[in-house]
Each structure stands twice: as structure tokens, then as C-alpha cells.
Number of protein chains: 2
Amino acid sequence: MITRDDVAKHAGVSPATVSNVLNGSKYVSSELVSRVEQAIIELGYIPNRAAKSLASKKTDHVGILVPTLSNPYYGTIAEGMESIARHHGYIVSLIMAEGSTDQYISRIIERQLDGVFLSDFNFGLTNKQLLHMKNKGVHFIIGGDSSRSDSTSATLSGPRITVNYENSIYELLMYLKKIGHRRIAFLSGNDPLITEARQTLFLKWSHELGFDDDPDLVVSGTPPYMTLAEDGYRDTKRLLSIRKNFTAIITLNDLMAFGAMKAIREEGLHIPEDISVIGFDNIYLSETACPPLTTIHIPKYEIGQIAMKLLLEMIDGEDVQSVKLESTLILRDSVAPVKKG
Amino acid sequence: MITRDDVAKHAGVSPATVSNVLNGSKYVSSELVSRVEQAIIELGYIPNRAAKSLASKKTDHVGILVPTLSNPYYGTIAEGMESIARHHGYIVSLIMAEGSTDQYISRIIERQLDGVFLSDFNFGLTNKQLLHMKNKGVHFIIGGDSSRSDSTSATLSGPRITVNYENSIYELLMYLKKIGHRRIAFLSGNDPLITEARQTLFLKWSHELGFDDDPDLVVSGTPPYMTLAEDGYRDTKRLLSIRKNFTAIITLNDLMAFGAMKAIREEGLHIPEDISVIGFDNIYLSETACPPLTTIHIPKYEIGQIAMKLLLEMIDGEDVQSVKLESTLILRDSVAPVKKG
DNA sequence: GTGAAAGCGCTAACAA
DNA sequence: TTGTTAGCGCTTTCAC
């Protein structure tokens with residue numbers, strides 16, 4: 001292995017000088033700079049990260065905590081994060097939220113990651129655990145928009161990246177009202193104890209706009225509270241079987257919407273003529289769905305990018321403020337006016 | 001920061017003994033083991049990876065090189081890989097195949113990753129680059145099934161994980177023939193210079209089974225040779241516009257199939273009555289497509305798991321053989337007999 | 001402006 | 001069975 005000392009010897013300078021030209025930490029005469037650079041190329045020298053980390057107490061290594069990668073939603077966020085990380089010499093590791101929260105917190109701390117993006121809110125982490133990470137020098141940004149109202153944990157504290165759905169949901173419901181919808185179902189997929197932001201806003205505006213207030217139309221998930229297509233499928237099937245005569249259904253995300261659409265088609269009903277379907281996220285497959293899915297766009301790639309940028313700032317010792325992004329209503333063909341009669 | 005020496009002092013043993021109980025590398029009396037374990041808990045000691053890496057020349061850090069995470073195909077492979085890695089104390093980093101090949105090769109080497117899974121074949125890597133990685137102590141497994149026949153590189157050498165499509169494609173084509181199809185289109189999405197395994201096998205069996213041999217029905221992609229839904233959409237639109245009267249279309253992957261379906265619907269044609277559609281991969285959304293997509297299942301999660309297992313073996317100094325998995329034809333509703341008349 | 005040297009926390013001989 | 005110790009390759013003062 002070629003080490004920094006080899007380069008120093010080859011260039012006829014001291015090891016420290018090699019470090020200095022490499023890190024730009026001190027001024028080095030252009031004479032020596034070029035000699036060192038020459039030596040680096042000739043020897044094919046690549047610095048040893050482990051040694052660097054050990055000495056500098058920085059790993060240039062961050063993580064993204066995700067519940068799954070089957071949902072391209074998280075994949076896109078990860079891509080955004082990586083795109084920024086790469087340009088700053090950072091590498092992004094995948095931390096799957098599997099096992100107990102303590103287990104994946106340990107994995108993060110043990111690696112001395114410089115930072116981690118908690119891409120979703122509902123990992124069941126506690127403030128105590130977050131504090132523990134912080135004390136261990138791991139910076140973090142909290143994504144996702146849920147606000148847990150269960151007893152397990154109060155609102156987590158730390159810089160957040162959130163999305164403001166308020167306008168989009170209002171716009172959506174106004175639109176649905178205008179085209180005649182009165183009974184709208186909402187599939188949350190989540191634990192009934194968790195008050196999810198999307199659901200909360202739906203309920204609020206739904207109430208204010210005078211939609212039918214049938215609690216049966218708001219469906220929580222079943223353990224383990226996944227929000228995949230199969231979950232949307234199952235919950236929609238159940239909802240259809242109890243004949244609630246809703247004319248539109250909103251699901252927590254696009255994946256669940258795909259499942260809902262399948263269930264609706266299987267019952268011999270038509271989308272959007274019989275039932276309109278609306279998702280959340282605007283994953284890129286929602287456009288090629290059949291019919292193309294009306295959904296609320298979340299700037300996923302940007303979320304990943306911003307998360308990484310904030311992390312970089314925090315690592316630099318800067319104070320970081322929470323960031324709020326806006327969602328956008330995307331109208332496609334899965335929504336139509338209620339049939340007359 | 002709590003170090004190993006602190007633990008040693010606290011437990012009244014030598015630092016080496018702490019290492020030994022931590023790594024199980026040597027026998028330690030149960031008396032000392034419990035004293036050390038106690039101290040570790042009391043102090044909340046977490047070993048420093050950087051120091052460990054520096055001393056052991058192992059990072060317990062691997063990577064997965066992927067072209068994109070918008071396609072859940074790669075997400076699922078990454079999940080499989082991570083599931084095994086985690087249980088062996090490894091962490092998986094995301095290496096996006098962006099920039100030049102030299103750039104991401106450097107990123108891998110510089111991090112001294114113990115290993116990397118090249119999830120797809122067509123990254124444009126050369127044998128020389130692979131050799132370079134190997135010499136730097138980075139083990140690798142090659143996934144994907146393409147066989148480049150262009151001048152850039154001959155077949156890459158190294159342990160592979162491949163999927164045998166032969167049977168599935170034969171089975172598919174036999175089935176299509178039986179139900180009356182004679183003109184079948186194939187969207188490769190790729191560079192025409194790249195002879196892709198899926199395409200090659202299609203051509204071979206297509207020829208042997210006596211399907212119409214119209215070269216216009218085999219469509220290459222356009223730079224930058226992506227295989228996303230929009231690419232399938234665009235190529236199908238073009239194909240439909242030149243009125244080739246095909247009755248079935250096979251696309252390189254499910255994503256392209258989704259795009260193809262959209263294009264077909266937009267032309268006012270019906271799936272499967274007018275045109276049957278078949279994909280590859282069996283990503284989990286293919287089941288909720290409309291109609292549910294007939295496709296060839298690739299064991300994605302298993303590929304990730306096996307890749308990681310092979311990597312672990314290589315890191316252990318074992319000789320590793322290439323692995324060949326079988327694909328499976330999944331019949332769903334996007335295929336139907338050709339209409340009479 | 002440049003270099004010498006003391007760590008960073010751990011592994012892995014080798015001693016005891 | 002347990003302990004001692006010499007590195008691993010780099011950062012970072014602090015002299016020169």
C-alpha cells in the first residue's frame with residue numbers, strides 16, 4: 001500500500017506537507033504543491049480514510065434511515081441525498097429500520113456516522129435516543145410529517161424537513177366538492193394511535209367543507225402498519241364490502257392508491273366513473289398508472305438534497321433551521337365528477 | 001469518548017483482554033468475560049470503527065453500485081444485500097453510477113470498501129478497472145446479465161450472479177405462439193451495440209419458433225439508454241406510429257412495460273385484447289398494474305442476499321464460484337389470445 | 001513556508 | 001489464560 005510517507009519521500013518533502021497540499025489546510029508553495037501532486041499521480045496514491053477518520057474524528061460518512069426501498073419514494077430521496085454527498089466527498093449508507101430502534105441507533109453510533117437523515121418520522125425513536133446520538137456526535141435531520149400523539153413519545157426535537165400539505169389538501173377537497181363529491185374515504189395505513197399529518201389535515205378540511213362525517217370512512221391500518229400496495233388493496237376491499245357508498249378515496253401514498261385501484265377494479269367498478277382515487281407522493285409511476293393517478297406531489301429528490309445540505313452545515317458547526325417545503329396538487333385522470341343520479 | 005482502555009481499567013484487565021472478549025478471537029475466562037461485559041455496559045462503551053479498520057485493514061463496509069433507485073428493482077436488491085450485511089456487522093453504502101467509471105471506482109477504492117456488488121453489468125467498466133479494484137483489496141461480484149459485444153470491453157471476468165432466462169423466455173414464447181401470436185415486438189432500451197441477454201434469447205427463440213422476423217420490431221433505445229417508464233412509452237409510441245401490426249410487445253423490464261401500456265392505451269387500443277404486454281423483473285408493482293402485468297420474475301431480494309454472502313466468503317479468503325439463478329414466468333392478465341379475424 | 005513528533009483507538013504478534 | 005507493545009496512516013500542534 002502506498003502511504004502518505006511514500007509520497008513525501010518520492011516528492012522530497014515531509015509527510016505534513018503532503019497532508020497540507022491534500023487538504024488545502026495550510027499554504028504550500030506552488031513549487032512543492034506541484035511536486036507533491038506529481039508524486040501522487042506517479043505513485044497512484046489514495047489516502048486512507050480510516051486513518052484520516054481516526055485522526056480527525058470525522059468519517060465523511062452519513063446515513064439515511066428508511067423503512068423500505070420497495071417504495072421508490074425513499075429511493076428517490078436517497079438519490080437526492082447521495083447527489084449532494086458525493087460532491088462533498090461523503091458517502092451515504094443505507095440504514096434499514098429493522099429490528100428495535102436501539103439496534104439501528106447503535107449501528108449508526110458505532111460507525112460514528114457524521115450525520116443521518118431520519119427519512120420518516122414514525123420509526124418510534126424517542127427524544128432520549130436522539131439526544132444519545134447527538135451526544136455521540138451524530139448530527140441528524142428529521143424528515144416525514146407525522147406528529148405522534150401516542151404516549152410513547154412526544155414530538156421529537158431537532159431540525160426538520162417537513163412538507164406543507166395544507167394548501168394542496170384544501171385545493172384537492174375544494175375541487176372534489178365542486179365536482180359533486182360528498183362521501184370521501186381516507187386510508188391512513190397507520191396505527192390509529194398515530195395522528196398522521198396528512199390524515200389530520202384531511203379531517204380538518206373535510207369537516208370544514210361539509211363532507212359527510214362518517215368515521216367508518218377513515219380507515220386505519222393493521223399491524224405492522226405498512227403502507228404498501230397490498231395494504232391499500234386489503235383496506236379498500238374491506239371498505240367496499242361494507243358498502244359505504246363513497247365516491248372518492250384518498251390514500252396515504254401512491255402505493256396504497258395502486259392497491260386501492262386494483263381492489264376497485266376487481267369489484268367491477270370503474271375509475272374514475274364510479275370512484276375517484278387520489279394518492280400522495282407523486283412517485284414517478286403514478287403517471288403511468290391506469291388511469292394516471294391524481295396525487296399530491298412531494299419534492300422527494302429535493303428533500304434528499306436539502307437533508308444532505310443541512311447535515312453538511314451542522315457538521316460544519318453551523319446552526320440549522322427547519323425547512324418547510326410545499327406540496328403540489330397534480331390533477332390526472334383518476335378523478336372525475338360524481339355521476340348524476 | 002470512552003475507549004477500550006477505559007473499559008480495561010474499569011474492569012481491572014488489560015486492553016487486549018477487552019479486545020479478546022469483544023472479538024471472541026481468543027479464549028477468555030468466563031470470570032473476566034463477565035467483568036468486561038459489565039464494564040462495557042456501565043460505561044456505555046462503543047468500539048471505534050475507524051481505529052479498528054486502521055489496525056485490521058478491514059472496514060466491514062461494502063457498497064452496491066446502482067444506476068438508479070427510481071426503479072424499485074435495485075431497491076429490492078439493496079434491501080436483500082443489507083439484510084445479510086447487517087447480521088454480520090457490515091454496513092452497505094450506496095454508490096450511484098454517476099460520472100465517469102473512474103470516478104466511482106475511485107470512490108470505492110478510497111473508502112477501502114471490503115467489497116462491492118456491481119448490480120448491473122452495463123456500467124461500462126473494463127477488466128482493467130476491475131483488476132485495479134481487486135489489487136486494492138476490494139472484492140466484487142458482478143450482477144446483471146448483459147454480455148457486451150461492443151469494442152469497449154470484452155466479457156468482464158470475476159464471480160457473477162446471473163439469472164438463467166432461457167427457460168422462461170422459451171416458455172413465454174411457446175405460450176404466445178399457442179395463443180396465436182406471430183408478430184412480437186421487443187423493446188431493448190439499450191445501446192444497439194450492446195447485445196443484451198434478454199434480447200439475445202428472445203431473438204434466438206423467436207427465430208426458432210418461427211415468429212415473424214421483422215427487424216423493425218426490435219427497438220433499441222436512445223442515449224442515454226435508460227430503461228424507465230418514459231423510455232418504454234416513447235419507444236412504443238414510435239412503434240405504434242409506424243403501424244407494424246404486432247400483437248404482443250415484450251419490454252426489457254417492467255418499468256418500460258408500464259410506459260408501453262400507457263402508450264397503447266393512449267392510442268385507443270386495449271390491453272390485452274389488441275396488444276399483449278410482457279415485462280421483465282416482476283417488480284412488486286407489476287401485480288397492481290392495469291391489467292396486472294405478465295412478466296418474468298427475477299429473484300431480486302435473493303440476488304442481493306447471495307451477493308452479500310459471496311462477498312463475505314471472498315473477504316474470508318474463500319474461493320467463490322459464480323451463481324446462476326432461475327427466472328420464472330408469471331402469467332397475469334396483460335396477455336391474451338390474438339383476436340380472430 | 002516547512003517539518004518533527006505526539007497522538008487518534010485498535011489489532012495482533014509475542015511475552016509472561 | 002492474560003498482558004505488553006509495536007505499529008496501522010493520518011491530523012495537528014508547535015518549533016524551526
Side-chain angles (χ1 to χ4, degrees), chain A residues 1-37 39-40 43-61 89 109-114 136-137 315-317, chain B residues 1-37 39-40 43-61 89 109-114 136-137 315-317:
Chain A
M1 164 168 249
I2 310 287
T3 74
R4 192 195 48 170
D5 288 16
D6 297 328
V7 175
K9 215 162 288 170
H10 194 86
V13 299
S14 80
T17 298
V18 177
S19 285
N20 287 337
V21 359
L22 239 38
N23 303 328
S25 32
K26 268 189 181 177
Y27 183 82
V28 180
S29 64
S30 56
E31 151 76 18
L32 289 198
V33 167
S34 57
R35 253 162 63 197
V36 167
E37 283 172 346
I40 288 177
L43 270 47
Y45 168 68
I46 296 181
N48 182 323
R49 281 280 176 174
K52 182 168 179 160
S53 293
L54 181 57
S56 68
K57 311 211 166 308
K58 274 202 61 212
T59 55
D60 292 3
H61 188 176
I109 294 177
E110 185 204 8
R111 289 283 170 175
Q112 354 258 159
L113 298 189
D114 289 337
K136 292 293 184 179
I315 293 168
D316 262 7
Chain B
M1 166 170 246
I2 310 288
T3 73
R4 191 195 49 170
D5 288 17
D6 297 328
V7 175
K9 216 162 287 171
H10 193 85
V13 299
S14 79
T17 298
V18 177
S19 284
N20 288 335
V21 357
L22 239 40
N23 303 327
S25 34
K26 270 187 179 178
Y27 184 81
V28 180
S29 65
S30 56
E31 151 75 19
L32 289 197
V33 168
S34 56
R35 254 163 61 199
V36 168
E37 283 173 346
I40 288 176
L43 269 47
Y45 167 69
I46 295 180
N48 182 322
R49 282 279 176 176
K52 182 169 177 161
S53 292
L54 180 57
S56 67
K57 311 207 164 310
K58 274 201 64 212
T59 54
D60 292 4
H61 187 175
I109 293 176
E110 185 202 8
R111 290 283 170 174
Q112 355 260 163
L113 299 189
D114 289 337
K136 292 293 184 179
I315 293 167
D316 263 8

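Just so we're on the same page: letters track the sequence lines, and every chain starts at 1.
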Rounded to whole angstroms, how far apart are [atom1] on [X] and [atom2] on [N]?
X: A:K58; N: D:dC10; atom1: NZ; atom2: C1'; result: 14 Å
X: B:I2; N: C:dC8; atom1: CD1; atom2: P; result: 14 Å
X: B:D6; N: C:dC10; atom1: CG; atom2: C1'; result: 13 Å
X: A:N23; N: D:dC10; atom1: CG; atom2: P; result: 10 Å
X: A:K9; N: C:dT2; atom1: NZ; atom2: P; result: 20 Å
X: B:R35; N: D:dT2; atom1: CZ; atom2: C1'; result: 11 Å
X: A:L43; N: D:dG9; atom1: CG; atom2: C1'; result: 15 Å
X: B:R111; N: D:dG9; atom1: CZ; atom2: P; result: 18 Å

Take B:R111 and B:T59, measure what side chain to side chain contact (heavy atoms under 4.5 Å, CB included) needs, and give me the verdict at the end. CA-CA 8 Å; B:R111 290 283 170 174; B:T59 54; over 6 Å; no

Write out a two-atom table: protein N or O, nucleotide N or O from nucleotides 3-6 of chain D, distance below 3.5 Å.
from  : atom 1 : to    : atom 2 : distance (Å)
D:dG3 : OP2    : B:S14 : N      : 3.0
D:dG3 : OP2    : B:S14 : OG     : 3.3
D:dG3 : OP2    : B:T17 : OG1    : 2.7
D:dG3 : O6     : B:K26 : NZ     : 3.3

Would you indicate whether the side-chain heavy atoms of A:K52 and A:N23 approach each other to under 4.5 Å?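 Sidechains of A:K52 and A:N23: in contact.
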
The criterion is side-chain hydrogen bond (donor to acceptor under 3.5 Å, both in side chains); which residues satisfy it with A:D60, sequence neighbours excluded? A:R49, A:K58

Under 4.0 Å, heavy atom to any atom of DNA chain D: which of residues 46-57 of chain B qualify?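 B:L54, B:A55, B:K57 - these, ordered by number, are the residues of the stretch whose heavy atoms sit under 4.0 Å from the strand.
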
Using the side-chain contact (heavy atoms from CB on, under 4.5 Å) criterion, which residues pair with B:N20? Sequence neighbours excluded.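 Per chain and number, B:N20 pairs via side-chain contact (heavy atoms from CB on, under 4.5 Å) with B:S25, B:K26, B:V28.
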
My understanding is that only residues two or more places apart in sequence, or in another chain, count here; which of them pass side-chain contact (heavy atoms from CB on, under 4.5 Å) with B:S29? B:E31, B:L32

Rounded at 0.5 Å granularity, tell me how far NZ in A:K57 sits from CD in A:Q112. 8.5 Å

Between OH of B:Y45 and CD1 of B:I2, what distance do you get to the nearest 0.5 Å?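 The distance works out to 10.0 Å.
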
State, to 0.1 Å, how close A:A50 and B:L54 come at their nearest heavy-atom pair, and which atoms those are. CB-N, 3.8 Å

Please check the phosphate of C:dA12 (OP1 and OP2 only) for any side-chain N or O of B:S19 closer than 4.0 Å.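 Looking at the OP1 and OP2 atoms of C:dA12, neither is under 4.0 Å from any side-chain N or O of B:S19.
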
Contacts under 3.5 angstrom, residues 6-13 of chain A side chains, donor-acceptor by atom type, not counting sequence neighbours:
from  : atom 1 : to    : atom 2 : distance (Å)
A:D6  : OD2    : A:T3  : N      : 2.8
A:H10 : NE2    : A:E42 : OE1    : 2.7

Between B:V28 and A:M1, which is nearer to the 5' end of DNA chain D once each is assigned its nearest nucleotide?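 The residue mapped nearer the 5' terminus is B:V28.
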
